[in-house]
Amino acid sequence: MGFEQLIIIRSYDRQSDRAQVEDLERRCEVGPAERVFLFTDTMGDPICRIRNSPMYKMLVAELDKELVGVIQGSIKVVTVHRHHPKDLARVGYILGLRVVPLHRRKGIGSSLVRRLEEWFIANDVDYAYMATEKDNEASVKLFANKFGYIRFRTPAILVNPVNINHRFHISSNVQIVELKREQAEFLYRKYMSSLEFFPNDIDNVLGNKLSLGTWVAFPRGESFGISDGQVPSNWAMVSVWNSGELFKLRLGKAPLSCLIYTKSSRLMDKFFPCLKLPSLPDFFHPFGFYFMYGVHQEGPMSGKLVRSLCQFVHNMAKNKSKDCKVIVTEVGGNDKLRHHIPHWKLLSCPEDLWCIKALKSEEERSSSLHELSKTPHATRALFVDPREV
């Protein structure tokens with residue numbers, strides 16, 4: 001009997017599997033070993049990262065009554081072609097693939113991916129996709145070489161620390177207003193529904209308890225009429241998701257330069273606060289974070305408004321959250337937004353890698369869906385669902 005035949009792939013059972021999955025997660029690093037990597041603390045709920053998705057599943061690999069691997073997946077309906085906002089598809093997102101170090105290179109990861117794809121197909125999914133670090137060779141080889149996924153997009157993950165000792169002053173020329181949920185949905189569907197991977201159930205995203213709200217910024221003195229469509233020539237919008245309520249992060253390893261800067265910046269901030277130098281928070285204990293999603297701008301002068309919104313979110317995190325230490329967002333690789341969003345290169349990832357695979361035959365898909373998987377071009381903008389962070 002082959003090794004793979006001894007492996008049992010089954011659905012996750014919270015009552016019997018939770019403790020083993022948490023132990024498995026602790027034994028598996030997240031991120032490239034030669035650079036910084038993060039540990040996640042799921043706070044007793046290993047399935048927390050997909051629980052808010054419309055459909056989700058977690059599979060475990062069992063060998064001799066020991067859990068040796070896990071994988072998670074979610075399903076939703078999204079826009080898949082930015083020139084056709086009504087061109088929707090069911091997509092399955094793959095995340096959280098882990099195999100304990102002792103049992104790697106034995107086909108366990110492949111078995112988990114294969115079984116999750118079968119679940120996608122059984123639920124009429126058009127495309128499966130996954131995200132990984134660009135230099136994660138093992139993951140890229142598994143999905144690209146063995147399962148036929150193609151390199152699809154390279155969005156940038158932008159991370160900015162929250163400085164508890166500093167509050168940003170927002171220009172008096174900028175007005176920031178919080179939107180009602182239905183107002184936010186109206187604007188997103190009007191201005192962003194044609195973006196790739198825009199979720200068709202954006203109303204559920206905005207209505208989730210983890211979504212803290214949506215704000216617009218525009219020049220003070222101008223009116224912002226949502227119902228009548230009278231918006232200023234320059235404006236920007238952002239929504240905020242409290243990811244720290246789901247799970248915590250902790251820095252597991254960092255370059256010496258990062259450690260030195262962390263210590264020295266705190267000392268400088270303590271003894272010379274008048275210099276207002278940016279200090280790096282303590283990332284070596286579990287911390288939460290806010291995720292900015294649906295960041296949008298209109299008008300040639302809107303870059304300043306985007307930056308004002310980012311400063312507003314920083315101040316909100318500083319005042320309302322005890323453990324939010326970073327603000328995170330993800331934008332398309334060529335998206336001009338990245339130039340207006342404050343972030344630290346030391347903490348950010350300039351090129352995350354998304355890979356995608358068509359699960360249906362060409363006859364079952366429209367021509368535009370076919371083009372999606374066959375043309376890995378850079379996109380102007382991309383909607384990143386906060387439920388999949």
Side-chain angles (χ1 to χ4, degrees), residues 9 12 25 28-32 37-38 40 46-61 69-80 89-99 104 107-123 125-157 196-199 247 291 328 330-333 349-360 369 372-376 378-379 382-389:
I9 307 295
Y12 165 77
E25 289 279 356
C28 297
E29 303 87 356
V30 179
F37 64 78
L38 296 172
T40 59
I47 211 166
C48 63
R49 291 183 64 191
I50 55 174
R51 187 174 295 283
N52 290 284
S53 298
M55 291 182 64
Y56 59 87
K57 194 175 190 67
M58 184 173 186
L59 299 174
V60 298
V70 296
I71 195 170
Q72 301 180 38
S74 61
I75 298 174
K76 63 181 179 180
V77 177
V78 302
T79 301
V80 292
R90 290 173 67 83
V91 295
Y93 180 49
I94 299 174
L95 71 159
L97 176 60
R98 308 277 190 269
V99 176
R104 290 174 183 170
I108 296 173
S110 297
S111 297
L112 286 165
V113 173
R114 191 175 298 111
R115 186 65 65 85
L116 188 60
E117 285 187 346
E118 291 173 359
W119 179 67
F120 286 158
I121 293 171
N123 285 279
V125 167
D126 298 288
Y127 292 94
Y129 73 106
M130 51 78 70
T132 187
E133 296 87 1
K134 190 178 180 181
D135 53 2
N136 187 339
E137 294 183 6
S139 182
V140 173
K141 286 181 178 179
L142 173 65
F143 285 93
N145 297 353
K146 188 162 187 176
F147 285 95
Y149 285 70
I150 66 168
R151 291 167 175 80
F152 172 59
R153 298 290 179 262
T154 53
I157 301 175
E196 288 176 344
F197 282 75
F198 179 84
F247 62 95
F291 185 80
V328 183
E330 191 166 5
V331 297
C349 174
E351 286 188 313
D352 197 25
L353 177 63
W354 287 22
C355 298
I356 194 168
K357 175 183 177 179
L359 296 181
K360 292 183 177 180
L369 292 179
L372 176 71
S373 64
K374 294 296 184 181
T375 311
T379 184
L382 185 72
F383 194 102
V384 179
D385 194 324
R387 298 173 295 187
E388 297 176 350
V389 173

Derivation of the side-chain contact (heavy atoms from CB on, under 4.5 Å) call for Val140 and Leu353: CA-CA 9 Å; Val140 173; Leu353 177 63; 3.8 Å; yes
For the residue pair [X] and [Y], what are the closest heavy atoms and their distance?
X: Ile50; Y: Ser74; result: CG2-CB, 4.4 Å
X: Pro155; Y: Leu382; result: CB-CD2, 4.1 Å
X: Gly73; Y: Phe120; result: CA-CZ, 4.3 Å
X: Val99; Y: Cys28; result: O-SG, 3.6 Å
X: Ser110; Y: Leu142; result: OG-CD1, 3.4 Å
X: Pro46; Y: Gln72; result: O-NE2, 3.3 Å

Trp354, Tyr149, Phe152 screened by ring pair (Phe, Tyr, Trp, His ring centres under 6.0 Å) with Phe143, the one that passes: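 Option passing the ring pair (Phe, Tyr, Trp, His ring centres under 6.0 Å) with Phe143: Tyr149.
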From [X] atom [atom1] to [Y] atom [atom2], the distance as rounded to the nearest 0.5 Å:
X: Arg49; Y: Tyr93; atom1: CZ; atom2: OH; value: 6.0 Å
X: Ile71; Y: Glu117; atom1: CD1; atom2: CD; value: 8.5 Å
X: Met58; Y: Leu95; atom1: CE; atom2: CG; value: 9.0 Å
X: Lys57; Y: Ile47; atom1: NZ; atom2: CD1; value: 9.0 Å
X: Asp352; Y: Glu133; atom1: CG; atom2: CD; value: 7.0 Å
X: Asp135; Y: Cys349; atom1: CG; atom2: SG; value: 8.0 Å

Tyr56: partners by ring pair (Phe, Tyr, Trp, His ring centres under 6.0 Å), with sequence neighbours left out: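 Ring pair (Phe, Tyr, Trp, His ring centres under 6.0 Å) list for Tyr56, sorted by chain: empty.
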Verdict with reasoning, Glu118 to Arg115, per salt bridge (charged side-chain N to carboxylate O under 4.0 Å, His left out): CA-CA 5 Å; Glu118 291 173 359; Arg115 186 65 65 85; 3.6 Å; yes
Using only atom types and a distance under 3.5 Å, with no angle test, would you say the side chain of [X] pairs donor to acceptor with the backbone of [Y]?
X: Asn123; Y: Val125; answer: no
X: Lys357; Y: Phe147; answer: yes
X: Asp126; Y: Arg90; answer: yes

Heavy-atom side-chain proximity of Trp119 to Leu59 below 4.5 angstrom: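 Side chain of Trp119 against side chain of Leu59, heavy atoms only: no contact under 4.5 Å found.
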Steps toward side-chain contact (heavy atoms from CB on, under 4.5 Å) verdict (Val70, Tyr12): CA-CA 9 Å; Val70 296; Tyr12 165 77; over 6 Å; no
